[in-house]
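One structure is given below, encoded as structure tokens.
Below, read A as the first sequence line, B as the second, and so on, with proteins coming before strands; counting in each chain starts at 1. These numbers were taken from a predicted model, which means no experiment stands behind them.
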2 protein chains.
Amino acid sequence: MTQKKKVGRPRSFDVDAALVAATHVFWEKGYDGASMKDLTEAMGINSPSLYSVFGDKKSLYIKAIERYLANDSCAPMDAFESEDNIEKAVRAFMEAVLEYATQQPEGLRGCFMANCVSTTVGTVGGTKELLQEAILSADERLAARFDVEKEKGHLPENFPSKERARLMFDLRQGLVLRARAGISRESMEADLDIRVCLILQTVAS
Amino acid sequence: MTQKKKVGRPRSFDVDAALVAATHVFWEKGYDGASMKDLTEAMGINSPSLYSVFGDKKSLYIKAIERYLANDSCAPMDAFESEDNIEKAVRAFMEAVLEYATQQPEGLRGCFMANCVSTTVGTVGGTKELLQEAILSADERLAARFDVEKEKGHLPENFPSKERARLMFDLRQGLVLRARAGISRESMEADLDIRVCLILQTVAS
DNA sequence: CACATTTAATAACGACTATTACATAACTGC
DNA sequence: GCAGTTATGTAATAGTCGTTATTAAATGTG
């Protein structure tokens, strides 16, 4: 299926690596801000190669997003799923969000999906669907972990997994925006403890 | 102070109205996506007039943001401050966010500050500061209302106004992103009641 | 070796980019 | 009405935009 055809001149660059390079350009400069020159230079190829392999700019953009969603692991999500204790897991998630948002290398535009892709849902067809898919997928992964904890008895039976998952994820967007505005990590750190409690607590129904 | 100088040919357009028009272009197309042609056409003026009054593109962008922050009232904030009952006020805030985020006219890129301006903090000098100012100002306005309720005795003495204000504002960003991804208003509406409770409740310290 | 096939590199395409010279028009003060 | 001042409209600048036609290079197969 994925075996290379033997005929013709072999490709001299790694398609996936080029796609990663393109993703970083879009991430750094945004869709409109990224020129084909920026892209070809970062990808290390000439424009005809780009067009023959990835299609036009919009098509390359879509492929870059799809590749990002399929392969790039989300640090906060990983932290949340790998920590045993649920309270520590929620805390680790928030910490990872802060780390991710404030220690962002150089000029990357915050979160690729939230800060870059979200701006093109009105102009580049297909991005809206990909963004929605990413959000709903994150909701589900977070809720799944809560469900597991409920089965283990670490969370009460009536714990609203899905609703708290969405709560957690929405809080994330606020932190990402604040980081983008240059608000210090320390000031955001100060709210984490209370937010962890809010997320995990069970109110009398 | 602000009186018009009498010498020379009088200006034939309203500077403020032109700035509003420019804001909408940036809001719709983003900073990079907005061309000077887009701007001059929407503003109803020729480029030399634009350059003489507003400076270059970046300068116009900054002025548009400043004007927006100074003059455009935020519907959710207004709803929050005008509603008497604090619980209804929080609810009204969230409802207004949903209304604002999902009923956004045509192609506006979500929230002007959160979805448009936030993307240029790395490339257009001054935008980061303005974005931060806007966020901190929102935090303060929300917290101020909570403080008033505490004085009235409608909220307990130990109610953490500032922290809940930030919580409220951060939740807003999540809703705005979801709306941008095309997630239905109804599904977001379903979480509002519980979130209002979370924001207003007082946990045992 | 020549052939078919695929990719690479050069260079160009017209359209559009942000910005500005220049000449003209409209006003105030004399 | 004339000088001084400011704004407007036309048109141009040099450069970059996304995209592609064309030619050369590199491979497997006959």
Side-chain angles (χ1 to χ4, degrees), chain A residues 1-19 21-26 28-65 116 119-120 123-127, chain B residues 2-19 21-23 25-26 28-65 116 119-120 123-127:
Chain A
M1 186 66 103
T2 46
Q3 71 182 0
K4 294 176 183 175
K5 295 167 188 172
K6 299 172 181 179
V7 216
R9 179 173 176 171
R11 187 168 288 125
S12 63
F13 64 95
D14 182 4
V15 172
D16 193 62
L19 206 44
T23 307
H24 278 100
V25 174
F26 284 127
E28 190 174 335
K29 309 201 169 191
Y31 178 78
D32 287 313
S35 71
M36 295 305 287
K37 192 188 173 196
D38 293 331
L39 291 164
T40 53
E41 282 179 357
M43 298 164 85
I45 60 178
N46 297 107
S47 39
S49 299
L50 192 157
Y51 277 87
S52 75
V53 174
F54 302 106
D56 64 5
K57 191 183 179 185
K58 290 192 178 185
S59 180
L60 169 65
Y61 183 57
I62 295 289
K63 288 182 171 66
I65 300 172
C116 175
T119 64
T120 59
T123 51
V124 184
T127 54
Chain B
T2 45
Q3 72 181 358
K4 294 177 184 178
K5 294 166 187 171
K6 299 173 182 178
V7 217
R9 179 173 176 171
R11 186 166 289 126
S12 63
F13 65 96
D14 182 3
V15 172
D16 192 63
L19 206 44
T23 307
V25 174
F26 284 127
E28 190 173 335
K29 309 202 168 191
Y31 177 77
D32 287 312
S35 71
M36 295 305 287
K37 192 187 173 196
D38 292 332
L39 290 164
T40 53
E41 282 179 356
M43 298 164 84
I45 61 178
N46 296 107
S47 37
S49 298
L50 191 159
Y51 278 87
S52 76
V53 174
F54 302 105
D56 64 4
K57 192 183 177 184
K58 290 192 178 186
S59 181
L60 170 65
Y61 183 57
I62 295 290
K63 288 183 172 65
I65 299 172
C116 174
T119 65
T120 59
T123 50
V124 184
T127 53

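A donor-acceptor contact shorter than 3.5 Å links the side chain of B:Thr127 to the backbone of B:Thr120. In terms of modelled atom types and a separation under 3.5 Å, the side chain of B:Thr40 and the main chain of B:Ser47 share no donor-acceptor contact.
The base of D:dA25 sits within donor-acceptor range of the side chain of A:Arg9, with an N or O pair under 3.5 Å.
In this view, B:Ser52 satisfies the side-chain contact (heavy atoms from CB on, under 4.5 Å) rule with no residue, not counting sequence neighbours. For the salt bridge (charged side-chain N to carboxylate O under 4.0 Å, His left out) test, no residue two or more places apart in sequence or in another chain qualifies with B:Asp56. Legend: residues meeting ring-ring contact (aromatic ring centres under 6.0 Å, His included) with B:Tyr31, ordered by chain and number and at least two apart, are B:Phe26, B:Tyr61. Qualifying salt bridge (charged side-chain N to carboxylate O under 4.0 Å, His left out) partners for A:Lys57, counting only residues two or more places apart in sequence or in other chains: none.
Distance CZ (B:Phe13) to P (D:dA7): 9 Å, rounded to an integer number of Å. B:Asp32 places its CG atom 18 Å from the P atom of C:dC16, with the value rounded to the nearest Å. Separating the OH atom of A:Tyr61 from the C1' atom of D:dC17 is a distance of 18 Å, rounded to the nearest angstrom. Residue B:Met36 contributes atom CE, which lies 17 Å from atom C1' of D:dC17 at whole-angstrom precision. As a whole-Å value, the separation of A:Asp56 CG from D:dT20 P is 8 Å. To the nearest angstrom, C1' of D:dC17 lies 12 Å from OH of A:Tyr31.
For the pair B:Pro10 and B:Lys37, nearest-nucleotide mapping onto DNA chain C gives the more 5' position to B:Lys37.
The phosphate of C:dT17 has OP1 or OP2 within less than 4.0 Å of a side-chain N or O from B:Ser35. At least one side-chain nitrogen or oxygen of B:Ser12 sits closer than 4.0 Å to the OP1 or OP2 atom of D:dT8.
The listed nucleotides are C:dA18, D:dT19, D:dT5; the one nearest the side chain of B:Val7 is D:dT5.
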Using atom types as modelled, flag every donor-acceptor pair under 3.5 Å from a side chain in residues 7-14 of chain B to any protein atom, sequence neighbours excluded.
residue, atom, partner, partner atom, Å
B:Asp14, OD1, B:Asp16, N, 3.2

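Of the residues in residues 38-52 of chain B, those placing a heavy atom less than 4.0 Å from an atom of DNA chain C are B:Ser47, B:Pro48, B:Tyr51, in numerical order.
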